[in-house]
Amino acid sequence: MLTWVEIDSSALLFNIKNFKKIINKKTKFYAVVKSNAYGHGIRQVSKIIRNEVDGFAINHISEINEIYDLVDNPILVMGGYEESDLKNLLDKDYRRIMLVLSNSDQLKILKSILKKDVQFFIEVDTGMSRLGYRPDSKEFLQLLDLLKDHQDQILGLMTHFSNVEDVTEQSYAYQQLQQFEKAKKILYQYFPKRKKFFRFHSASSAATMLIPKSHQDLVRIGISLYGLWPSLPTKLSVYNVYNDSFQLKPVLKWKTRIVHINEVPPDSKVGYGCSYHTSNRTKIAVLPVGYNEGYDRSLSNRSSVIVRDKRAMVIGRVCMNMIMVDVTHIPNVQVGDEVILIGGSAKTKEEVSADDLADWANTINYEIVTRIHPSIPRIVQ
Ligand SMILES: *Cc1c(COP(=O)(O)O)cnc(C)c1O
């Protein structure tokens, strides 16, 4: 195998255990496995954790098919959908699937949704301006009116925070929680008899770690299930609260093998656009990953990898399916040698983390791992 991703199942279980320590026993733990489990492999991840979590959360209805036969847990579909997507539900047990009603355009297909006897949360826009009904909007009240005869299909309300990860003070999140309370009150006024059945949720990884009040009935843990911090401010804030007692272990390693080695004289140009010039005689290893595989082109001349426990620089531009690495300083380097793209060497502690790649590519770790091409095998360890 030339390129593969290794999934550390014990790290996944470790991260879940840590979260369970900081949430109430009554709060359900939902694993967010959208986007191929943030690049970790939705089937592999779901199989490892199915007995440890209360449910799974995905983005699109079509993702149900990936895990429906693997897990018995409920599946929450958080993203948008259109009428034709509902066909995906036809042969499914509706009671295991939870949709979200999040915009008034869906009212046109509400009849089809209601007919199917599928249950749903109503999403409230408390300040993100993405999906959801604003609690003070006409549309929200209109929706509740339309649902009068289908109260038992309403599971409750959900919302999503927009500014927990990027700050160390959480006043905006608390404002969002206030808006959520408003929506809750309105729901209770409309359907007082269903009060004790309604469930509420709002927290993703960062909010779960930092805002206990946000936990409510269910938390939706994505990035940190995979052992990654939502952001540096979040990591520092969590450290302030828990010291070392809350830890995360990265789940994923990304590896490849050298497919070719060149030795070139001083003043050779490397790669498209001749963006790198060698100053000395240079040994160049070619690796079979490029931006198609998810190794971002902005990493050109910026990132490093680990070869034989030593750090080696990516030189020249990232190509579609290949990169070049300076391995001049690495003794005995050979075609076929294993190379770490994300992960560390146990021997020298040399490490390239998803956070490092994110910094170099001027993005976030979420994007780095999610972009690893789905066709690359995920090997569970
Ligand atoms: C993706 C997502 C999550 C998970 O967020 P993390 O920061 O990865 O934990 C939770 N809720 C919603 C609505 C999402 O879209």
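Atoms within each ligand, like the ligands themselves, are counted from 1 in listed order. Any value given below was found using the heavy atoms of this structure, including those in side chains, with hydrogens, waters and symmetry copies removed.
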Please list, one pair per line, the donor and acceptor atoms closer than 3.5 Å that link side chains of residues 23-30 to other protein atoms, with sequence neighbours excluded.
residue, atom, partner, partner atom, Å
N24, OD1, K26, N, 3.1
T27, OG1, Q216, O, 3.0

(message) Within the 4.5 Å heavy-atom criterion, are R134 and F140 side-chain neighbours or not?
(response) no

(request) Provide the closest heavy-atom pair for M209 versus F19 in the form atom of the first, atom of the second, distance. (result) CG-CE2, 3.7 Å

(message) Is the ring pair Y242/F246 parallel, tilted or perpendicular, if the boundaries are 30 and 60 degrees?
(response) tilted

(request) Before accepting this row, confirm whether a basic side-chain N of the pair R281/E263 lies closer than 4.0 Å to the acidic partner's carboxylate O. (result) yes

Give every pair formed by an N or O atom of ligand 1 and a protein N or O atom closer than 3.5 Å, one pair per line with both atom names and the distance to 0.1 Å, or write none.
residue, atom, partner, partner atom, Å
ligand 1, 7 (O), Y366, OH, 2.7
ligand 1, 8 (O), Y38, OH, 2.6
ligand 1, 8 (O), I223, N, 2.8
ligand 1, 9 (O), S205, N, 2.9
ligand 1, 9 (O), S205, OG, 2.5
ligand 1, 9 (O), G222, N, 2.9
ligand 1, 11 (N), H160, ND1, 3.4
ligand 1, 11 (N), R220, NE, 2.8
ligand 1, 11 (N), R220, NH2, 3.3
ligand 1, 15 (O), K34, NZ, 2.7
ligand 1, 15 (O), R130, NH2, 3.3

(request) Under the side chain to side chain contact (heavy atoms under 4.5 Å, CB included) rule, what do S202 and F161 come out as? Steps first, then yes or no, please. (result) CA-CA 7 Å; S202 58; F161 295 110; 3.6 Å; yes

